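These notes concern the structure reproduced below.
From a predicted model like this one, the values you see are computed outputs, not experimental measurements. We name chains A, B, ... by the order of the sequence lines, and we start the count at 1 in each one.
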There are 2 protein chains.
Amino acid sequence: MQRRVTIEDIAREAGVSRQTVTRAMNGMPRISEATRDRILEISERLGYRPSRFASNLARTSKTKTIAFVVDSFRNPYYSELAADLLDAASARGWQMTIVSREDEPELQLLSRLANQVDAVVGYLGETDEKALATAARGAPLVLLGRTATTDGLHSVDFDFGPAFANLVDELRKRGSKRFGLLESQPLGAVYEPSTRRIAYEAAVDPVSAAAVVVCEAPPQSVDAGELGFDELMDRFPETDTVIAFSDLMAMGALRAAHRRGVDVPGQVRLVGVDGLSLGAVTSPALTSLAILGTGFAEQIADVIEQALDGGDGAERRRASLPILWRESA
Amino acid sequence: MQRRVTIEDIAREAGVSRQTVTRAMNGMPRISEATRDRILEISERLGYRPSRFASNLARTSKTKTIAFVVDSFRNPYYSELAADLLDAASARGWQMTIVSREDEPELQLLSRLANQVDAVVGYLGETDEKALATAARGAPLVLLGRTATTDGLHSVDFDFGPAFANLVDELRKRGSKRFGLLESQPLGAVYEPSTRRIAYEAAVDPVSAAAVVVCEAPPQSVDAGELGFDELMDRFPETDTVIAFSDLMAMGALRAAHRRGVDVPGQVRLVGVDGLSLGAVTSPALTSLAILGTGFAEQIADVIEQALDGGDGAERRRASLPILWRESA
DNA sequence: GTGAAAGCGCTAACAG
DNA sequence: CTGTTAGCGCTTTCAC
């Protein structure tokens, strides 16, 4: 590992000042074509590579980088959201680095990131907001899927209440009478009803409200949905409409339905949550309360943008979830 | 946008030197608890956030960032590979930024990236290697899915020849006689046989070699696979084994098979390429020539690592593709 | 068109 | 335990 080739080396070799080299490298004006070409040739010959740290330090407009943190990019919900968010980030000239919180204590990861990016956004598990704020060390932090209450923490949450009310309403119009919910069990934590479950229970009749199956680990998996569907139909055979915590779980339910010879949507209507594009390729294609493809990512980017501009008050939004009608309901 | 709070401000406020502040901020030794706490408190009060550019510039060990470039992270193959690569990158202490080449001319994108990351890896479309090398401006570049021939360009390609030979062999053992291939049409380019097609044709008998359907746009989509399967079965009704360019296309083929009442794998065996984990949730689950989950990402990371260490000779590898037996074949 | 000087904000190495 | 002295490599004035 020898000394790095710097702008100084090029300047010396070319017999010009460092400033001239900078002008040549960055395609700036006020330099003759001849010297530019000569410098470019020399820098190539010497294998010169500008230091992004030095250039960003000196430059007035620095490149922004945001970190997107999720459980795992193997979950299509997160990867599709990453794709959406990436578009929004690129449009704003930001770089986006993806970070999975699988192998490192969350707070530690957060404070590491705080020194390496301009803002952090994602699904964080830690419930102690003070701890989160401290770990972020002043880096703008945007919490997803929950509502922040601590000063300085931003968030974009979901408005499940109206969404479920509307969904149940529409389903009733199509003939649904008895609903059932496939709820997800957070990994290794004490079970606590999800905001989806709460919204569900508020939206349906008392009998349906009782028809809830908390699917076993692994959470958020197709398998969990498959097992859950079996249990739900066994325990509540009159169910004619199943709402799943997520599209992935709905896909599992669909599999179970096929296996049991239950026609979807003929005998049982099935609805997921997320709006995965993947839901379009199952047969029947999955109806879903859509998060993806609804401007959710744009909304997140807006919040980040404000946070980056040092907006003082914390920005808190709640996204609405339109129904994405496909075939399964 | 007021002046940024710097280490200098903290030092002045605390009545210590900048160096002491550095020590406090980075949890370095040789500082008393008392002063550390005082400095931390002050820095929080003043809203101090270290500049990652300054710190990386001054530091001896700088944080590495690699860029992973693909068409679109909406394609599950790319997002699953991104997840694998991210694991490999994190394990090495690198950050990984994802970049989609959807909206920007590739060479331009590349030279922009060259100034912002330490290495670029991905599926690049540009065939002119000189142009790629120039645009990369000396940043290590690792080409995926093709073999580089230009000096300084690294690559990790696939060894389709043996893979297809082995696959066909194994399928024959299970009773396959007449094969068919669902080939993908590159977008908007003049059609040229893919390396997969070439390997396929070399592996099968002459009659099967002729049973190739080049699926219409959109390439690499479930829909393309669905249409392609129809055409293949219409034109070559004796086909008993279908190999698809990718798992996504195989999923489309599966859909068409369901629709046509063709039993898979009873009447027709179906094999994809990629090894998507998603292939496990279709019914029947998809058999595939696996790229994912085979150490491919690790291999890529190794190549990057060597390139980063300034290994002179360009590193070129070819990954092998084991068969991932599931239900569809 | 080109160069000199003055930083950008931080850390390494050493001295005290 | 703390401070001083030098940079890290580049860009930004502002002269010439």
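- The residue B:Val21 sits apart from the nucleic acid: no heavy atom pair falls under 4.0 Å.
- Side-chain N/O atoms of B:Ser32 include one lying less than 4.0 angstrom from OP1 or OP2 on D:dT2.
- For B:Ser17, a side-chain nitrogen or oxygen approaches OP1 or OP2 of D:dG3 to under 4.0 Å.
- End-to-end axis angle of the helix from C:dG1-D:dC16 to C:dG16-D:dC1, using five pairs per end and rounding to 10°, comes to 30°.
- Here B:Asp302 pairs with B:Arg92 in a salt bridge; the nearest charged N to carboxylate O distance falls below 4.0 Å.
- The separation between A:Asn26 atom CG and D:dT12 atom P is 8 Å, rounded to whole Å.
- Among the heavy atoms of the strands lying under 4.0 Å from A:Ile31 are primed sugar atoms or P, OP1, OP2 only; no base atom is included.
- Between B:Asp9 and B:Arg18 there is no salt bridge, since no side-chain N of the basic residue sits under 4.0 Å from a carboxylate O of the acidic one.
- The main-chain N or O of B:Tyr123 is found under 3.5 Å from a side-chain atom of B:Arg101 such that the two form a donor-acceptor pair.
- Nucleic acid contact for B:Met25: none, since no nucleic acid atom lies under 4.0 Å from a heavy atom of the residue.
- Of the two residues contacting DNA chain C, namely A:Arg23 and B:Arg30, the nearest-nucleotide position lying further toward the 5' end is that of A:Arg23.
- For the pair A:Thr6 and D:dC8, the criterion of a side-chain N or O lying under 4.0 Å from OP1 or OP2 is not met.
- Rounded to a whole Å, the CD1 atom of A:Ile7 is 5 Å from the P atom of D:dC10.
- When rounded to the nearest whole Å, the span between CD of B:Gln116 and P of D:dG9 equals 19 Å.
- In this entry the distance linking CZ of B:Arg52 with C1' of D:dC8 reads 17 Å, nearest Å.
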